[in-house]
2 protein chains.
Amino acid sequence: MNDQPNTPEESPLAARLCSISGGLTKSEAIIAQWLVLNEATLGLETGSSIASKTGVSEITVSRFLKRAGYKGLQGLKEDLQAALVHAHVSPADRYFRLLDSEIGAILKRDADAVLALAHEVEKPAWPAAIDAIAAADEVFVTGFQTIRGIAEDFTRRLSIVRGSVRFMSPHDGGLVEWIPSFRRADESRCLVLIDMAPYAREALPIVQTARGLGMQVVIVTDELNTWASAESPFVFHVATKVDAFLESTGPMTTLMNVIIHEVAGRAPEKARKRIKDWPPIMRGLGLY
Amino acid sequence: MNDQPNTPEESPLAARLCSISGGLTKSEAIIAQWLVLNEATLGLETGSSIASKTGVSEITVSRFLKRAGYKGLQGLKEDLQAALVHAHVSPADRYFRLLDSEIGAILKRDADAVLALAHEVEKPAWPAAIDAIAAADEVFVTGFQTIRGIAEDFTRRLSIVRGSVRFMSPHDGGLVEWIPSFRRADESRCLVLIDMAPYAREALPIVQTARGLGMQVVIVTDELNTWASAESPFVFHVATKVDAFLESTGPMTTLMNVIIHEVAGRAPEKARKRIKDWPPIMRGLGLY
DNA sequence: ATTAAAATGGTAGCGTTCTGTCATAAACAT
DNA sequence: ATGTTTATGACAGAACGCTACCATTTTAAT
């Protein structure tokens, strides 16, 4: 099922270069071959560096790239980046045509950010964080401003998968739930904090309070957050800058969904049972 | 003997950045973290692109790199290249070592769903829907259950971009806002409904009520929804099934963000002004 | 609160990269 | 051999990325 990103004969770049109509000239062949062989490090090259390494002149490189359909070396680099997304995600190139617009660029970056989440779940801290959420006797969730809703939905959806999950708004009397209860001193508690840099002033003290009470803290935040790592080992970064008017919260939502999926995976039979029970529960509640 | 080309905590770049004597300033910390998180694609970046993505100025990036011991971004790229040669890792599989796993599949499908949004944006109804939202004198937003939070966040974020946006919970006395006011009978109103099939029983009557009051209705829903198209021309479908325990709402969030971006684009100067005014507004409100 | 120090951003200038125009060289056909 | 086409390179202008100088803002210290 997987395409082979490494095999040169299957690389989209190679395919594109080979498909140039009318064959290649000697210099062009040299350039093309060099490009394919060095595809991995193309991003670090520059037009003239390629020229000198292949022994042709700068302008020939430029011309060749344009003939191959790229908009200069910069365009080739962009295409390379986009091709990554396409190669691994789309069954065909059915979207190519659509993705040239401004929105297309935003969508591409969002998709890329989603794929980049693979890095996060790969971290050693990831399974530990999932364990912390799955094993805790009680889970608190919080988030502010324009991602408060994501935090609330996360709470609802996590509640389908495991019990004792509570959204916490620190501003309407929220932290009272945390008053240490000695009757249940042995219970473990976990806080999931969703955070974005522009709105984060309130987050730090909450995390510190939670830590002080012996809670585990899982923090999902954007790339710009720098304080979180000092407070907890369970910090996961999501790319949110997509050059739109506002940041994108889509990838963050995806990550929350993955967390839920993984927590469910820690106790599959229980989770499935809860899901089975869920519709009747809803019906009983009318709508909400 | 094992090479860990991707593990952030072992990367030579990360090591070097961490070892800077005298600690990092706030901006520097942001830059450093961003560099580490995006090391895989650094080759495709440029000084100013990094600056814009991290929210600092070009010159701060330049200064920081010099302080870190690199000779500008070019020097950093050269160092990276040297490291890459050793690691034998192609940027093509930077994410995908683990994408054969179950989570990998989920991420891929989510990313694919995001790209597939290009189809929705391409529909003729799309610009019309954006117009309806942008031009309306008043915009109502609603959504239930596990996507209610998305609807609320959409309300908050759309409020940054244009005024008179209101989240509407039809169950706590919600529809009173709709009582026709003859003083403002000429005002146009628009409803944005976010919907998912499993929870949709309540949505239809709301839409019909809105239509009866002469409102435009924009509906964002999943692939399974069949009734919406009969009620409004502005229906957009998002793929939500990713074979996880629960549906994925990430792509839907992305689509809402795109809507906001487009609405902002309809009145750029006003939108930019609103964004500029936004931080003070927030501060004035304390936190929420 | 006031002052000093540091950090950051804006503007402008330099250097580099990229591309358009023209000229030269090579390949090819007759 | 000659003329024609094509490929390649040299030069220059445009565009962009990078850094030096100065102004402004932020932070820390008293």
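Here is the naming used below: chain letters follow the sequence lines, and residue numbers restart at 1 for every chain.
Side-chain N/O atoms of B:Ser48 include one lying less than 4.0 angstrom from OP1 or OP2 on D:dG17.
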Next on the checklist: Under the criterion side chain to side chain contact (heavy atoms under 4.5 Å, CB included), I'd like the reasoning laid out for B:Trp126 against B:Ile259: C-alpha separation, chi angles, the key distance, then a yes or no.
Outcome noted: CA-CA 9 Å; B:Trp126 174 262; B:Ile259 289 178; 3.4 Å; yes
Next on the checklist: Under the criterion side chain to side chain contact (heavy atoms under 4.5 Å, CB included), I'd like the reasoning laid out for A:Cys190 against A:Val218: C-alpha separation, chi angles, the key distance, then a yes or no.
Outcome noted: CA-CA 8 Å; A:Cys190 179; A:Val218 177; 4.2 Å; yes
Checklist entry - Going 5' to 3' along nucleotides 19-26 of chain D, which nucleotides have protein heavy atoms under 4.0 Å from the base (write B), which only from the sugar-phosphate (write S), and which from neither (write -)? => result SBB-----
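In this entry the distance linking CD of A:Glu28 with P of D:dG9 reads 11 Å, nearest Å.
For the pair B:Lys66 and B:Lys71, the minimum side-chain heavy-atom distance is 4.5 Å or more.
Panel note: side chain B:Ser159, backbone B:Thr155; a donor-acceptor pair is recorded below 3.5 Å.
A 4.0 Å heavy-atom criterion places the boundary nucleotides of DNA chain C facing chain A at C:dT17 to C:dT21, written 5' to 3'.
Contact record, B:Leu76 with B:Tyr70: CA-CD2, 3.7 Å, taken as the closest heavy-atom pair. In terms of heavy-atom proximity, A:His237 sits nearest to A:Ser229 at NE2-OG, 4.2 Å.
Within 4.0 Å (heavy atoms only), B:Val61 reaches no atom of the nucleic acid at all.
For the 3.5 Å distance criterion, the side chains of A:Thr146 and B:Asp153 fail to qualify, holding no donor opposite an acceptor. Residues B:Ser52 and B:Ser49 bring no donor and acceptor atom of their side chains to less than 3.5 Å of each other.
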